[in-house]
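A short worksheet on the structure shown next.
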Number of protein chains: 2
Amino acid sequence: MSDPPLTVTLQDVARHAGVSKMTVSNVINNKPGMSPATRERVQRAIDETGYVVNAAARVLAGGRMNLLGVITPRINWPFVTEILHGASSVVENAGLDLAIFTTADNPRVERERATLLRTLADGVLLIIPAADEHQVFGPTPVVTIAGDGPYTVSVDDEQGGRLAAQHLLSLGHTRIAHIRGAITTSRHDARDRERGFRTALQDAGVDLPDHLVRDGQYTEDGGERAARALLTLPEPPTAIFAANDRSAIGALHAAEALGVRVPEQLSIVGYDDVQIASLARPALTTIRQPLQAMGERAALTLLDLTRGVTPAQAHTRFPAALVVRDSTAPPVREVTVSP
Amino acid sequence: MSDPPLTVTLQDVARHAGVSKMTVSNVINNKPGMSPATRERVQRAIDETGYVVNAAARVLAGGRMNLLGVITPRINWPFVTEILHGASSVVENAGLDLAIFTTADNPRVERERATLLRTLADGVLLIIPAADEHQVFGPTPVVTIAGDGPYTVSVDDEQGGRLAAQHLLSLGHTRIAHIRGAITTSRHDARDRERGFRTALQDAGVDLPDHLVRDGQYTEDGGERAARALLTLPEPPTAIFAANDRSAIGALHAAEALGVRVPEQLSIVGYDDVQIASLARPALTTIRQPLQAMGERAALTLLDLTRGVTPAQAHTRFPAALVVRDSTAPPVREVTVSP
DNA sequence: TTGTATGCGTTATCAG
DNA sequence: CTGATAACGCATACAA
């Protein structure tokens, strides 16, 4: 017995089966029009030699990679994992793979990933991109989630902000505060949520003074600090709309620490509806983003593009939805002191 | 002006700069020994043409990919994301990329990912593998986290179980229950935790009757159901050790629903120390796995291997650690009825 | 310091 | 239905 080569190639298998390289290649790629006999024989040779295709060579030769790339700032954000969950179900159903790359929000890294995937993947999913990278991709199709581009999937954050305000207003609140998200130049989610919130209050004739708006930076700590400041005001708010669930949880903890009962003395509305929202006590009323559906839609659009099919629509905008749980209730009646 | 080609190659850049392909290649790969003048000129040509390397061609020609592959069942498990967080910091510091592939716990898919990465990546990180895939990789180095293989990183689950028991015993508990994790053939984490727990109780001469051990399946629902069953026993336990934080949260909710106060009437210990453990109220006492450190160590080992360096040790086993928060306390004194 | 020749493993194309 | 040939874009080895 001679030693097998370290890396088995198509050529090796061909020799082993007594056919040409192309026949082996055709068997591997399930090309139609081959005699079952040779197909069988080649298959055996493949198994016996332990052959595995060389992905790089396949790509270089113009073959399909059956691979979709994902570029995302981080993967430990629930926002991202839920989207990926939706996308991967669609992609795997179609028999393709998902390769996920993180950028740590660094535009330079994002660009590197883009150049890599451009040649490696059949298409690319861009989640919350930090910069405009569309030109980099050349002929490789790209779908963007929560960002700009020729094909996008997004959620109506302004409407989400409005929903939060309307819910609190309908409960009878009039002194309502906002814990703002992180404001950055490249993203507008925090700004959109605040704008929608403000608009709805204005429409109802309810005032939102500046001292009732605090930065929460989307973090638990930020939410807790902001809520502490709000609750120790001479005239504290009876309700708070936090720009995401994490900062809402922080607000929940601040209330607990200060002996303010939720929802009896304070109503809190979050945003996102990630896991912790339903696990928290009291369970959080929040604005739900259909993250999984967004991931699915993005994947479907991308699959269309990779197949040369024009997608039904280039831009999909999903509505946000109110999820009422246990952290909101009507405000306490003002105690009227009888003279 | 003539239209630039759809995909710019080294050749194009070389023509543009009036040099040969190799000079351009050398500039790109920062080879030493070139006149600054040509380097400068080539660089300009690269920028002007918008050239990006073709990763596939580079690999095929024997170049390094600067890419490490990750194969993991899922990415929306906190257990996994924390590990990846640790690994990516190390990898990016070394100037490489991390490409993450999910398998949905399907051995067939796992195998496909393996064959893909084998030719694409310089090395592969296998997280909680569902099957033994080491042979598939040939010369590509592999490091396994929470699984078997020539190079592994793991945590001492048996010791973790012991820690949980010892903590509860030291508080004075003697009627202690266990909510078990999911028992599968390919993994031994749940079994190890239970074994360590049992051993420590035994060593202390404390009995663990069968009816005080319930399946929790690592889920919130499972934990809640198990705790409900335990707490409605004629003689309910004064403490529960849940095999992970999720099922511990479920137990917390069950206690709340039944009006059992934690930690006054019931102590609960979780396992993992993921985010929800510290966010829960009361904050969860739990057994911490150094997930980030595990990811870092695995990445370092893998980097060594890709560079042909023999790692300091082939198998690293991290200790678990007890994190005491607010969900554990001494048991209530038995009410002694005076005659 | 720069250029030339060669081959990596695969698939498309077209001939048999 | 199967086989020969020519790319694909790059880097290694060596020559100039």
Side-chain angles (χ1 to χ4, degrees), chain A residues 4-43 45-46 49-67 115-116 118-120 122 138-140, chain B residues 4-43 45-46 49-67 115-116 118-120 122 138-140:
Chain A
L6 224 69
T7 144
V8 183
T9 76
L10 224 43
Q11 189 65 259
D12 298 322
V13 179
R15 244 197 308 274
H16 196 89
V19 295
S20 81
K21 288 198 306 186
M22 275 323 297
T23 307
V24 180
S25 174
N26 287 335
V27 169
I28 287 168
N29 295 311
N30 278 315
K31 299 279 181 192
M34 311 193 44
S35 83
T38 48
R39 166 163 279 149
E40 157 83 14
R41 189 150 45 94
V42 168
Q43 187 56 55
I46 291 174
T49 53
Y51 168 82
V52 294
V53 325
N54 182 318
R58 196 211 285 270
V59 172
L60 189 56
R64 293 190 68 68
M65 195 60 186
N66 288 338
L67 188 80
T115 63
L116 180 71
R118 176 199 140 103
T119 53
L120 225 58
D122 302 332
T140 308
Chain B
L6 226 67
T7 143
V8 184
T9 76
L10 269 188
Q11 189 66 257
D12 299 321
V13 179
R15 245 197 308 272
H16 197 88
V19 296
S20 82
K21 286 200 309 185
M22 277 325 297
T23 306
V24 180
S25 173
N26 287 335
V27 169
I28 287 167
N29 296 313
N30 278 316
K31 297 280 181 195
M34 310 194 45
S35 81
T38 48
R39 167 163 280 148
E40 157 82 14
R41 189 149 45 95
V42 168
Q43 188 55 57
I46 291 175
T49 52
Y51 169 82
V52 292
V53 315
N54 182 321
R58 170 180 287 179
V59 171
L60 191 56
R64 296 190 68 68
M65 194 63 182
N66 288 339
L67 188 81
T115 62
L116 179 72
R118 176 200 142 103
T119 51
L120 222 59
D122 302 333
T140 307

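Every chain is numbered from 1, with letters handed out A, B, ... down the list of sequences. Treat the numbers as computed from the prediction; the structure is a model and nothing was measured.
Contact annotation: K31(B) does not reach the phosphate of dA11(D) (side-chain N/O to OP1 or OP2, under 4.0 Å). Put simply, N29(A) has a side-chain N or O that comes within less than 4.0 Å of OP1 or OP2 on dT11(C). Listed pair S35(B) / dT2(C) meets the phosphate criterion, a side-chain N or O lying under 4.0 Å from OP1 or OP2. Between T38(A) and dT2(D), a side-chain N or O to OP1/OP2 separation shorter than 4.0 Å is present.
To the nearest 0.5 Å, the span separating CZ on R58(A) from CG on L120(B) amounts to 11.5 Å. To the nearest 0.5 Å, atom CD of residue Q43(B) and atom OG1 of residue T38(B) are 11.5 Å apart. Here the CE atom belonging to M22(B) is positioned 8.0 Å from the CG atom belonging to L10(B), to the nearest 0.5 angstrom. The line from CG of L60(A) to CG of N54(B) is 6.0 Å long, rounded to the nearest 0.5 Å. Expressed to the nearest 0.5 Å, how far NZ of K21(B) lies from CG of D12(B) amounts to 10.5 Å. Separating the CD atom in Q11(A) from the OG atom in S20(A) is a distance of 9.0 Å, to the nearest 0.5 Å.
Remark: side-chain polar atoms of R39(A) are not paired, donor with acceptor, to backbone N or O of V27(A) under 3.5 angstrom. Without hydrogens or angle criteria, R118(A) side chain to T140(A) main chain gives no donor-acceptor distance under 3.5 Å.
Per the geometry, CD belonging to Q11(A) stands 13 Å off P belonging to dT11(C), to the nearest Å. Note: CG (N54(A)) to C1' (dT11(C)) measures 13 Å, nearest angstrom. Whole-Å rounding puts the R58(B) CZ to dC8(D) C1' distance at 16 Å. Straight-line distance from the CD atom of E40(B) to the P atom of dT1(C): 17 Å, rounded to whole Å. For the pair L60(A) CG and dA6(D) P, the computed distance is 17 Å after rounding to whole Å.
Comparing the axis of the opening five pairs of the helix from dT1(C)-dA16(D) to dG16(C)-dC1(D) with that of the closing five pairs yields an angle of 30°, rounded to 10°.
Note on L10(B): only backbone sugar-phosphate atoms sit closer than 4.0 angstrom, heavy atoms only; bases stay farther off.
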> Going through the distances and angles, do D122(A) and N66(A) end up as a side chain to side chain contact (heavy atoms under 4.5 Å, CB included)?
Replying inline: CA-CA 6 Å; D122(A) 302 332; N66(A) 288 338; 4.2 Å; yes
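Shown for residues 13-26 of chain A: residues whose heavy atoms fall under 4.0 angstrom of DNA chain C, namely K21(A), M22(A), S25(A).
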